[in-house]
A.B. asks: 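Got a structure for you, questions after.
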Amino acid sequence: MDSLKLSSGLIFIQLVLLAFVFNSANAQLKVGFYKDTCPQAEAIVKGVMDQVLKVAPSLSGPLLRLHFHDCFVRGCDASILLNSSTGQAEKDSPPNLSLRGYQVIDRVKAALEKKCPGVVSCADILAIVARDVTVATLGPSWRVETGRRDGRVSNFSEPLTNLPPFFANISQLLTQFRSKNLSKKDLVVLSGAHTIGTSHCSSFDSRLYNFTGKGDTDPTLDSEYITRLKKICKAGDQITLVEMDPGGARTFDNSYYKLVANRRALFQSDAALLDNNYTKAYVKLQSVASGGSTFFKDFGVSMRKMGRVEVLTGKAGEIRKVCSKVN
């Protein structure tokens with residue numbers, strides 16, 4: 001009995017210590033982390049982004065997506081940016097092959113290194129850029145917490161198991177978000193980022209041509225929309241890009257929820273939001289909301305929460321000089 005009490009006591013102490021370490025790491029993230037070491041950091045990032053988006057506004061969606069894909073694999077540590085001479089990094093993995101915008105992050109990093117060498121992490125750059133492109137597309141702003149450090153490991157196989165696939169069902173989505181300490185609300189709110197950007201036909205063409213392996217279509221996708229999409233995407237098309245929010249892919253708004261509610265979302269993972277009572281209710285609410293929509297506020301809250309996933313702080317990791325390679 002005494003040994004049992006001792007064992008239980010040790011387990012309790014270990015849990016307390018783990019909670020302390022987790023909370024301490026997150027506590028080191030804060031708004032204004034570079035206030036003394038690089039006070040112009042966010043202004044420098046915005047300056048570069050203003051220049052980039054003026055000539056390439058279509059990069060808004062991809063740059064926002066980079067932050068998502070980074071945080072869901074090894075946490076927000078900029079591992080998505082690392083190159084591999086043998087093609088075994090995260091960016092080489094199938095779920096990440098369509099990512100774009102790496103050169104923009106390199107450009108931002110070069111500007112920061114010129115002003116504040118060795119100070120601002122690539123992981124923080126991804127977080128700040130995600131906010132800036134959202135604002136640039138008329139979306140919400142939020143105060144970005146900074147203080148992340150960069151990881152040194154990038155593994156080809158990890159995106160395959162950590163990133164929610166475009167064909168995921170609601171159970172898979174909830175499980176993967178829960179594993180990152182993100183809630184049902186975070187899932188349905190962060191999915192709203194699909195209001196900007198494009199997708200290759202190959203990410204959803206099975207819904208148009210071979211949903212169950214019998215040459216059929218997805219019955220949950222609006223039939224008129226299927227007809228329209230088939231005119232754009234031929235079977236097996238690997239090249240053509242389609243706006244996720246037709247006619248509004250460069251404007252951040254709540255149109256995504258209207259598409260989902262009307263069964264016109266491109267991905268099965270978007271359509272799956274109607275298969276859970278909570279996420280369905282949120283979709284319905286935002287699909288009819290106008291000036292009183294809570295989506296913008298909710299998005300900022302969930303983005304900050306996602307930005308805390310498994311971060312490296314303090315003396316962990318490093319501050320890369322070049323985002324594509326370890327020091």
A.B. asks: Over all heavy atoms of both residues, which pair between Arg131 and Arg143 is shortest? Give the atoms and the distance, please.
C.D. replies: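 Distance-wise, the nearest heavy atoms are NH1-CA, 4.4 Å.
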A.B. asks: Between Leu187 and Leu273, is there a side-chain heavy-atom distance shorter than 4.5 Å?
C.D. replies: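 When only atoms from C-beta onward are counted, Leu187 and Leu273 do touch, with a gap below 4.5 Å.
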A.B. asks: Please determine if Arg148 and Asp124 form a salt bridge, counting it only when a charged side-chain N lies under 4.0 Å from a carboxylate O.
C.D. replies: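 Salt bridge: yes.
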A.B. asks: Would you please classify the geometry between the Tyr257 ring and the Phe295 ring as parallel, tilted or perpendicular, with 30° and 60° separating the classes?
C.D. replies: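 Taking Tyr257 first and then Phe295, their aromatic rings stand perpendicular (interplane angle over 60°).
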A.B. asks: From Leu259 CG over to Thr195 OG1, what is the distance, rounded to the nearest 0.5 angstrom?
C.D. replies: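 With rounding to 0.5 Å, CG (Leu259) is 8.0 Å from OG1 (Thr195).
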A.B. asks: Is any side-chain heavy atom of Asp253 less than 4.5 Å from a side-chain heavy atom of Leu138?
C.D. replies: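 Heavy-atom side-chain distance check fails, nothing below 4.5 Å.
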A.B. asks: If the condition is side-chain hydrogen bond (donor to acceptor under 3.5 Å, both in side chains), which residues does Ser223 pass it with, not counting sequence neighbours?
C.D. replies: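 So Ser223 forms no side-chain hydrogen bond (donor to acceptor under 3.5 Å, both in side chains) with any residue.
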A.B. asks: Could you tell me whether Asn327 atom CG has more than 12 heavy atoms of other residues or ligands within 6.0 Å of it?
C.D. replies: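 For Asn327, atom CG is crowded (more than 12 foreign heavy atoms under 6.0 Å).
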A.B. asks: Please say which of Lys230, Arg264, Arg263 ends up in a salt bridge (charged side-chain N to carboxylate O under 4.0 Å, His left out) with Glu224.
C.D. replies: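 When salt bridge (charged side-chain N to carboxylate O under 4.0 Å, His left out) is applied between Glu224 and each of Lys230, Arg264, Arg263, only Arg264 qualifies.
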A.B. asks: Go through the side-chain N and O atoms of Asn83 and Lys325 and say whether any donor and acceptor fall under 3.5 Å apart.
C.D. replies: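 No, because no side-chain N or O of Asn83 sits under 3.5 Å from a partner of the opposite role on Lys325.
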A.B. asks: Indicate yes or no for a side-chain donor-acceptor contact from Ser154 to the backbone of Glu90 under 3.5 Å, with no hydrogens or angles considered.
C.D. replies: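 Yes: the side chain of Ser154 pairs with the backbone of Glu90.
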A.B. asks: Are Arg65 and Ser98 packed together at the side-chain level, in the sense that at least one heavy-atom pair is separated by less than 4.5 angstrom?
C.D. replies: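 Yes - at least one pair of side-chain heavy atoms lies under 4.5 Å apart.
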A.B. asks: Do Thr220 and Arg207 have side chains that get closer than 4.5 Å, going by heavy atoms?
C.D. replies: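 A side-chain contact exists here, since the closest heavy-atom pair is under 4.5 Å.
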A.B. asks: Looking at Asp50 and Lys54, is any side-chain nitrogen of the basic one under 4.0 Å from a carboxylate oxygen of the acidic one?
C.D. replies: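 No, no charged N to carboxylate O under 4.0 Å.
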A.B. asks: Using a 4.5 Å cut-off on heavy atoms from C-beta on, say whether the side chain of Asn162 contacts that of Lys180.
C.D. replies: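 Lys180 reaches Asn162 side chain to side chain.
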A.B. asks: Would you please say whether a donor-acceptor pair under 3.5 Å links the side chains of Ser183 and Asp186?
C.D. replies: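 The criterion, which ignores hydrogens and geometry beyond distance, is satisfied for Asp186 and Ser183.
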A.B. asks: Is the side chain of Glu318 donor-acceptor paired with the backbone N or O of Gly151 at a distance under 3.5 Å, no angle test?
C.D. replies: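 Not confirmed, Glu318 side chain does not pair with Gly151 backbone.
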A.B. asks: Under a 3.5 Å cutoff, is there a donor and acceptor pairing between the side chains of Gln286 and Thr294?
C.D. replies: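 Yes, side-chain donor-acceptor contact under 3.5 Å.
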A.B. asks: Taking all non-hydrogen atoms of both residues, which atom of Asp92 and which atom of Phe156 are closest, and how far apart?
C.D. replies: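 Looking at all heavy atoms of both residues, the closest pair is O-CE1, 3.2 Å.
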A.B. asks: Measuring from atom CG of Leu266 to atom CG of Leu229, what distance do you get when rounded to the nearest 0.5 angstrom?
C.D. replies: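 Spacing of CG (Leu266) from CG (Leu229) equals 6.0 Å.
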A.B. asks: Is the distance between the ring centroids of Phe204 and Phe211 under 6.0 Å?
C.D. replies: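 No, too far apart.
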A.B. asks: Between Tyr282 and Asp298, is there a side-chain donor-acceptor contact under 3.5 Å, judged purely by atom types and distance?
C.D. replies: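 There is such a pair (donor and acceptor under 3.5 Å, judged by atom type) between the side chains of Asp298 and Tyr282.
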A.B. asks: Going hydrophobic residue to hydrophobic residue with side-chain gaps under 4.5 angstrom, can you get from Leu274 over to Phe167?
C.D. replies: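 They do not share one cluster, since no chain of ILVMFWY contacts under 4.5 Å joins Leu274 to Phe167.
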